[in-house]
Amino acid sequence: MIIIKIIRKCVEGMILNDIISILLFCVFAYLFNFNFHRDNYAYAIVMFIGMMVFYGDFYHHLPINWKLYILLIATFLWALFTIFMGRQALIKPAQRKHFSYATIIGIFAIIITFIFRIIL
C-alpha cells in the first residue's frame, strides 16, 4: 500500500516524467555523440533534435525558481562545447569540417536554449 502511494505521488508530481525526460535526453546525447563521431551527420542532427525536445520537456515541468539555474547551466555547458569545438576546428585542419559542424550545432543549441526560456 505504501509503494502505491509513493508511485501515485511521483506520477502526480511529474517526478516520473522528469526522470524519463532526463534518461531519454542522456540516451539521445549518447547517440548524437556516437553518430557524430562516425560522420553520420543526418542521424546526429536527428539525435540533436531529440536531445533538445527532451531538454525542453524537462525544462517545461521545472518550478519557476529552478528554471533560471538550469538555463544558466545548460547555456554554460553548450558554450563550453562550442568553444572547445571551435578551437579544435582551428587547430586540426584535416578535420576542420567535422569540428565546424559541431561548432554550428553548439551555437544553434545556445539559441534554442534561450528560445525555451522565452516560450516555456
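These figures come from a predicted structure and were not determined experimentally.
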State the CD1-CZ distance between Ile91 and Phe99, to the nearest 0.5 angstrom. 9.0 Å
Sequence neighbours excluded, which residues qualify as side-chain contact (heavy atoms from CB on, under 4.5 Å) partners of Ile83? none
Under a 4.5 Å cut-off applied to non-hydrogen side-chain atoms, are Phe84 and Leu80 in contact? no
Flag the pair Phe76 / Leu72 as yes when at least one side-chain heavy-atom distance between them is below 4.5 Å, and no otherwise. no
When clusters are formed by joining ILVMFWY residues with side-chain heavy atoms under 4.5 Å apart, either directly or through shared neighbours, do Leu77 and Tyr69 land in the same one? no
Those residues that, when tested against Thr75, pass side-chain contact (heavy atoms from CB on, under 4.5 Å) (two or more places apart): Leu71, Ile110, Thr113, Phe114
Counterpart residues, ring pair (Phe, Tyr, Trp, His ring centres under 6.0 Å), relative to Phe54 (two or more places apart): Phe28
Using the test side-chain contact (heavy atoms from CB on, under 4.5 Å), find all partners of Phe36 that sit at least two apart in sequence or belong to another chain. Phe32, Tyr41, Ala44, His98, Tyr101, Ala102, Ile105
When rounded to the nearest 0.5 angstrom, what distance separates CD1 in Ile73 from CG in Leu68? 9.5 Å
Supply the atom-to-atom distance Phe108 CZ to Met52 CE, rounded to the nearest 0.5 angstrom. 8.0 Å
Sequence neighbours left out, what passes side-chain contact (heavy atoms from CB on, under 4.5 Å) with Leu23? Give chain and number order. Ile19
Can you tell me if CZ on Phe81 sees more than 12 non-hydrogen neighbours from other groups inside 6.0 Å? yes
Atom NE2 in His60, atom CG in Asp18: separation rounded to 0.5 Å? 10.5 Å
Just jot down the side chain to side chain donor-acceptor pair (under 3.5 Å) partners of Ser21, sequence neighbours excluded, or say none. Asp57
Transitively linked via ILVMFWY side-chain contacts under 4.5 Å: Leu90 with Ile104? no
Atom pair CG/CZ of Leu31 and Phe34 - distance to nearest 0.5 Å: 8.0 Å
Going only through I, L, V, M, F, W and Y residues with side-chain contacts under 4.5 Å, is there a path from Met51 to Ile22? yes
So if you build clusters from Ile, Leu, Val, Met, Phe, Trp, Tyr with side-chain heavy-atom gaps below 4.5 Å, do Tyr43 and Val53 land together? no
Parallel, tilted or perpendicular, judged at 30° and 60°: which one describes the rings of Phe48 and Trp78? perpendicular
Which pairs, with at least one residue in residues 23-36 and sequence neighbours excluded, count as a side-chain hydrogen bond (donor to acceptor under 3.5 Å, both in side chains)? Asn33-His37
Check against side chain to side chain contact (heavy atoms under 4.5 Å, CB included), Phe25 and Phe58: CA-CA 9 Å; Phe25 174 82; Phe58 173 71; over 6 Å; no
Under the criterion side chain to side chain contact (heavy atoms under 4.5 Å, CB included), I'd like the reasoning laid out for Leu62 against Tyr59: C-alpha separation, chi angles, the key distance, then a yes or no. CA-CA 5 Å; Leu62 283 175; Tyr59 186 80; 4.2 Å; yes
